[in-house]
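Below is one structure; the comments refer to it alone.
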Amino acid sequence: MDHSVETESVSLWGVLHEGTLTRIFSDQPRQCVLLEAVVPHLNGYYDWPEGAPIRFELSEVSELKVNQWLPELGEAKEDLGARRGSRRQWQAQERSMPPNYVVISEATVTRSRGRVGVSINGFEHTAAGETNVLLEIAVSGSELKVETPDGPTDVEKLIHIGDAYWDNFDKKRKK
């Protein structure tokens, strides 16, 4: 990413589309948040273990919010706002996270003035199946670490991973 640009957003659609956000973990004392997404078609294409996640860890988190709404109503049902606060507030945030997972429809990384953010949109899933609740999860921090099942990477390489899959859609990767 070009750090001379004031605000830059990069879509992770090619990487995370049709994947699932399976874990959100916040560590308030360390002010970090971990997001884990599993993308089965990438796992198969790259011979990653089944269920192995792509991890996004943000440090010095200043914001962690979940917006939930019913698309037909068009209005946010809940906005839990900024997560700079007490342990009790962080615990309330953790309790509000999706009960099982979110099927990802869009994801974006944004950099602006020394901050980096990850936002993920998708439909909530429960044990009974897909719901009609649309979720937007947004996290903002000072640093983003990305890791695939092959090890640490950066956003640009992660985008390349997704592009390589879609460029060879429905073909087995050549080793």
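Owing to the predicted nature of the structure, the values given are computational and were not obtained by experimental measurement.
With sequence neighbours left out, E18 forms a side-chain hydrogen bond (donor to acceptor under 3.5 Å, both in side chains) with no residue at all. Applying the ring-ring contact (aromatic ring centres under 6.0 Å, His included) rule to H160 yields no partners; only residues at least two apart in sequence or on another chain are considered. Here T148 pairs with W48, D150, T153, L158, I161 under the side-chain contact (heavy atoms from CB on, under 4.5 Å) rule; sequence neighbours left out. Every salt bridge (charged side-chain N to carboxylate O under 4.0 Å, His left out) that E57 has, sequence neighbours left out, goes to R30. Every residue meeting the side-chain contact (heavy atoms from CB on, under 4.5 Å) condition with A138, not counting sequence neighbours, appears here in chain and number order: K65, S119. Residues meeting the side-chain contact (heavy atoms from CB on, under 4.5 Å) test with E143, sequence neighbours left out: S59, K145.
Between Y165 and H41, the ring-plane angle classifies as tilted under the 30° and 60° cut-offs.
Atom CG in L34 sits 10.0 Å away from atom CG in D27 (nearest 0.5 Å). Here CD of E147 is found 11.0 Å from CD1 of I54. Values are rounded to the nearest 0.5 Å. Residue N121 holds its CG atom at 11.5 Å from CG of L16, rounded to the nearest 0.5 Å.
Inter-residue side-chain proximity for T20 and I104 is flagged as unmet; no heavy-atom pair is nearer than 4.5 Å.
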Item to check | side-chain contact (heavy atoms from CB on, under 4.5 Å) evaluation trace for I137 with V102 | outcome: CA-CA 10 Å; I137 294 115; V102 175; 4.2 Å; yes
Next on the checklist: Let's go through L144 and V118 carefully: what are the C-alpha distance in whole Å and the side-chain angles of both, what is the deciding distance for side-chain contact (heavy atoms from CB on, under 4.5 Å) to 0.1 Å, and is it a yes or a no?
Outcome noted: CA-CA 9 Å; L144 172 63; V118 174; 4.0 Å; yes
Item to check | side-chain contact (heavy atoms from CB on, under 4.5 Å) between L64 and S26, worked out | outcome: CA-CA 9 Å; L64 169 56; S26 62; 4.1 Å; yes
Item to check | Audit row: L12, F56, side-chain contact (heavy atoms from CB on, under 4.5 Å) steps and yes/no | outcome: CA-CA 12 Å; L12 297 178; F56 300 87; 3.9 Å; yes
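Between R111 and E8 no salt bridge is recorded (no basic side-chain N to carboxylate O distance below 4.0 Å).
Between the side chains of S9 and T110, at least one donor N or O lies within less than 3.5 Å of an accepting N or O. Using a 3.5 Å distance cut-off with no hydrogens or angles, the side chains of S62 and R115 do pair a donor with an acceptor.
Taking hydrophobic clusters as Ile, Leu, Val, Met, Phe, Trp and Tyr residues chained together by side-chain heavy-atom distances below 4.5 Å, V146 shares a cluster with L21.
The shortest heavy-atom contact between V15 and I159 is CG2-CA, 3.8 Å. Pairing each heavy atom of Y45 with each of A164, the nearest pair is OH-O, 3.6 Å.
A side-chain donor-acceptor contact under 3.5 Å links S11 to the backbone of W13.
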